[in-house]
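Written below as C-alpha cells is the structure these notes are about.
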Amino acid sequence: MLLLCLMAATSLLAEHPLQQRAQWQFEDPAAWEWQGEGEATTLVLKKPSKCKPKVRRPFNLAWFGGADWDSFTLTCEARLDVFNKGNNDVCIAFGGRGESEFYYAHLGETADGVHLQLHVVNQADRKAITTNRAKALPWKSDHWHPIKLVRDASTGSIKVWFENELVLEATDTTFGKGRIGLGSFDDLGAFRKVTLTAADVPAFNVEIVAGGGTMVENAPATQCKVTQPFGIAFDPQDNMFICEETHRLLRVDAMTGVLSVVTSAKGKNAPAGDSGPAKDASFIAPHNLVADAEGNLFIADTYHYAVRRVDAKTGIVTTFAGNGSRELSGDDGPATNAGLDGLACLCFNNDFTKLYLGGFSKVIRVVDMKTGIITRVPGFSGSRAMAVDSKGNLFTSMSSGLRMLARDGKVTVLNDPIASPLLKGVKHLWADRDDNILIADAGNHLIRKFIVAERRLVTLAGVGEKGVADVPGPASQAQLGEPHGVVTHPRTGDIYIADSRNHRVLRIKQRP
C-alpha cells in the first residue's frame with residue numbers, strides 16, 4: 001500500500017510522503033494496474049512491457065513525479081507473481097533525470113554480472129557499481145518481502161536491505177537529486193507500503209568537544225585527557241558535566257570551554273566523602289548523571305550502590321538514594337534506606353518531580369522528589385537504559401526496538417521490522433525535544449534514533465564498526481567506540497555523545 005498520510009517534519013528529518021495515484025507516470029501504462037483503495041492500495045505490474053528503451057536498462061518503470069530526492073530512505077514491500085526459469089527480479093530506480101539517466105537496484109534471485117547489482121544508467125547501457133553484495137535473495141512465491149534503500153547523496157553511499165539483511169552496497173556520485181521509480185525488466189510483481197523519507201542524516205557534522213589531548217585540567221576541553229566518559233549532563237547555565245568510568249567527575253565551562261576536574265579518581269576503598277566538598281568525594285565507576293532545574297547534580301554511583309547529589313550552590317556531596325548495599329530493598333520507604341543494585345541510568349520526568357533509577361537488575365525504581373520515597377515501577381521490566389519523554393511515557397530498550405510504559409499503565413512494544421542492524425548492547429536512551437528516543441547502540445558503535453510516531457529506527461552517527469577515524473566530519477561517516485551516553489543540549493538541541501572507548505565527547509550540531 002502506498003502510504004499517503006502526512007508525516008511531521010523533525011529537526012533532523014524533512015518528511016516527504018508519496019502522493020496520490022495521479023502523481024505516478026508509467027512508461028507502459030497497459031502493463032500496470034492499481035488495486036485496492038486508501039491504505040490498501042497496491043501497484044501491480046501485471047504483464048510484460050512493450051517499452052523499448054534506447055539503452056540497456058529496466059524495460060518497464062513507474063516513476064513518481066511528485067518530487068525529487070537526493071538523500072532519502074525508501075521502504076516498501078515487494079512481491080514476485082510469476083517465477084520463470086531465469087533470474088527473476090524487481091527493480092527500484094532513483095536519482096532519475098531522464099529515461100537514460102538514473103540509478104537502479106536490480107533485486108534478482110541470484111548474483112551474477114547483471115542480477116543482484118546496483119547499476120548506473122548514464123546515456124549508455126547500465127554499468128554495475130556494486131562494491132558489496134549478497135549471493136542470493138530468498139524470494140518466495142506469493143510472499144511480501146520488506147525492502148529498504150538508503151541513499152546519501154553527499155557521500156554517494158547507496159545501501160539496500162532485503163528481509164532485514166544488507167544485500168547491496170555502492171558509492172557513486174554521478175547523479176544527485178532525481179525521481180524514484182519502481183518496476184522490472186520483464187518479470188511480474190507488485191509493490192505496496194511504499195514510503196519515501198528525506199535523508200535520515202543530512203550533512204550534519206560531528207566534532208570533538210572534550211578529550212583527545214594530554215592536559216589534565218585548566219585548559220580547553222579538547223586539549224585535555226578524558227578517559228572512558230559514560231555520562232553527560234548540562235546545568236541551567238549550559239556548563240557540561242562528564243562522569244567517567246574511571247571514577248572522575250569533570251566540568252566544562254560554558255563560557256570559556258575550559259575543563260576542570262570536580263572530583264579526581266580515588267581508590268575503591270576511599271571514603272565516600274558525604275557532607276563534604278565534591279573535590280574530596282569518591283565515586284566508583286559512575287555510569288550516568290543528570291541535573292535538575294536548579295543545577296543540582298545526581299550521579300549514578302554504580303558500585304557505591306547509591307545516587308549521590310552535588311549541591312549546585314555549595315558543592316557539597318550527599319547520598320540521595322541507597323544504603324550502600326547491593327540489594328533490592330526498601331521500596332515504599334525513604335530512598336536513603338533502600339538497597340540498590342548496580343545503578344546504570346538516571347532520568348528525570350519533564351517537571352523534575354520524579355527521578356527514575358535503572359540498573360543491571362532490570363528493575364526500575366522511582367523516587368518522589370518531594371517526599372523522598374522510593375517505589376518500584378510495577379508491571380514493566382527495565383534495562384540498563386531508559387528515558388522519559390515530555391508526556392511522561394517511560395521507555396526501555398530491547399533488541400528489536402523499545403518498550404513504552406504510558407502514563408495510563410499500558411505497555412507497548414515499539415519496533416521497526418526492517419531496521420538493520422538490530423540493536424546490540426544498548427547503554428543509554430534519551431528523549432529529544434520531539435519525543436523521539438536517541439539510542440547509544442554501543443554494540444554496533446552507532447548513535448541511533450527511534451522515531452516513535454513512525455515506528456522507525458534510523459542511524460544518526462557511526463558506520464557500524466569500531467574505530468576512531470573521520471572526526472571531525474559528517475556524522476554518518478564517523479567511527480565510534482562503544483558509545484555509552486547520548487543527550488541533547490537543553491537549549492540548543494545539539495546532540496552530545498559519550499564516545500567511551502575513544503575517550504572523547506562528541507557533538508552533532510542541530511544547525512549546519
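For His503 against Pro229, the heavy-atom pair with the smallest separation is CA-CD, 3.9 Å.
Looking at Arg433, its side chain does come within 3.5 Å of a backbone N or O of Arg491 through a donor-acceptor pair. In this structure, Ser329 contributes its side chain and Ala338 its backbone to no donor-acceptor pair below 3.5 Å. Remark: side-chain polar atoms of Arg365 are not paired, donor with acceptor, to backbone N or O of Leu328 under 3.5 angstrom. Side-chain atoms of Ser383 never come within 3.5 Å of backbone atoms of Thr396 as a donor-acceptor pair (strictly under, hydrogens ignored). Judged purely by atom type and a 3.5 angstrom limit, Asp301 has no side-chain atom pairing as donor or acceptor with the backbone of Ala306. Checked by atom type and distance alone, the side chain of Ser500 pairs as donor or acceptor with a backbone atom of Ala498 at under 3.5 Å. Using modelled atom types, one side-chain atom of Asn239 and one backbone atom of Ala254 make a donor-acceptor pair closer than 3.5 Å. Between the side chain of His428 and the main chain of Val486, a donor-acceptor pair closer than 3.5 Å is present. Side chain of Thr263 to main chain of Arg248: no donor-acceptor pair is present (N/O by atom type, distance under 3.5 Å, no hydrogens or angles). The main-chain N or O of Gly372 is never found under 3.5 Å from a side-chain atom of Asp368 such that the two would form a donor-acceptor pair.
Residues Ile232 and Met240 have side chains in contact (heavy-atom distance under 4.5 Å, counting atoms from C-beta outward). For the pair Ile158 and Val150, the minimum side-chain heavy-atom distance is 4.5 Å or more. Here the side chains of Met398 and Val413 are in contact, with some heavy-atom distance below 4.5 Å. The side-chain heavy atoms of Asn337 and Ile374, taken from C-beta on, include no pair separated by under 4.5 Å. Using a 4.5 Å heavy-atom cutoff, the side chains of Asn323 and Thr336 are not in contact. The closest side-chain heavy-atom distance from Pro220 to Met215 is not below 4.5 Å. Side-chain contact between Leu402 and Leu429 is present, with heavy atoms from C-beta onward closer than 4.5 Å. Proximity of Phe380 to Val411: side-chain heavy atoms (C-beta onward) are separated by under 4.5 Å at one or more points.
A donor and an acceptor atom, one from each side chain of Thr319 and Asp274, are located under 3.5 Å apart.
A ring-centre distance under 6.0 Å is not found for Phe234 and Phe241. Ring centroid separation for the pair Tyr303 and His247 does not come in under the 6.0 Å cut-off. Aromatic ring centres of His145 and Phe162 lie closer together than 6.0 Å. Taking the six-membered ring where the residue is Trp, the centroids of Tyr356 and Phe348 are separated by 6.0 Å or more.
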- Kindly determine whether Thr227 and Thr246 satisfy side-chain hydrogen bond (donor to acceptor under 3.5 Å, both in side chains), including the steps that lead there. CA-CA 7 Å; Thr227 306; Thr246 50; 4.8 Å; no

- Do Leu460 and Leu438 pass the side chain to side chain contact (heavy atoms under 4.5 Å, CB included) test, and can you show the C-alpha distance, the side-chain angles, and the key distance before you say yes or no? CA-CA 9 Å; Leu460 301 181; Leu438 303 181; 3.7 Å; yes

- For His489 and Asp238, run side chain to side chain contact (heavy atoms under 4.5 Å, CB included): C-alpha distance rounded to whole Å, both residues' side-chain angles, the deciding distance at 0.1 Å, then the answer. CA-CA 8 Å; His489 191 286; Asp238 292 345; 3.1 Å; yes

- So Cys76 and Ile92, side chain to side chain contact (heavy atoms under 4.5 Å, CB included) or not? Walk me through it. CA-CA 10 Å; Cys76 69; Ile92 299 176; 4.3 Å; yes

- Task: Output, in order, the C-alpha distance, side-chain angles, deciding distance and verdict of side-chain hydrogen bond (donor to acceptor under 3.5 Å, both in side chains) for Asp435 and Ser390.
- Result: CA-CA 7 Å; Asp435 283 340; Ser390 66; 2.6 Å; yes

- Message: Ile439 vs Leu423, test: side chain to side chain contact (heavy atoms under 4.5 Å, CB included). Steps then yes/no.
- Response: CA-CA 9 Å; Ile439 303 169; Leu423 298 176; 4.2 Å; yes

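For the pair Arg251 and Asp253, the salt-bridge criterion is met [side-chain N within less than 4.0 Å of a carboxylate O]. The residues Lys148 and Glu77 are annotated as not salt-bridged, no charged nitrogen and carboxylate oxygen being separated by less than 4.0 angstrom. Contact check on Arg448 versus Asp441 returns a salt bridge, with a Lys/Arg side-chain nitrogen under 4.0 Å from an Asp/Glu carboxylate oxygen.
Each of Val209, Ile208, Leu259 was scored for a side chain to side chain contact (heavy atoms under 4.5 Å, CB included) with Val226, with one residue passing: Leu259.
When the shell of 6.0 Å around NZ of Lys354 is examined, it contains 12 or fewer heavy atoms from other residues, nucleotides or ligands. In Asn269, the CG atom is not crowded: 12 or fewer heavy atoms of neighbouring residues, nucleotides or ligands sit closer than 6.0 Å. Summarising the local packing, CD of Glu327 is surrounded by more than 12 heavy atoms from other residues, nucleotides or ligands at distances under 6.0 Å.
Going from atom NZ of Lys466 over to atom CG of Asn502 covers 7.5 Å, rounded to the nearest 0.5 Å. With rounding to the nearest 0.5 angstrom, the CG atom of Leu249 is 4.5 Å from the CD1 atom of Ile299. Note that OG1 of Thr73 and CG of Leu149 are 8.5 Å apart. Values are rounded to the nearest 0.5 Å.
Residues in residues 210-221 take part in no side chain to side chain donor-acceptor pair (under 3.5 Å) pair, two or more places apart or across chains.
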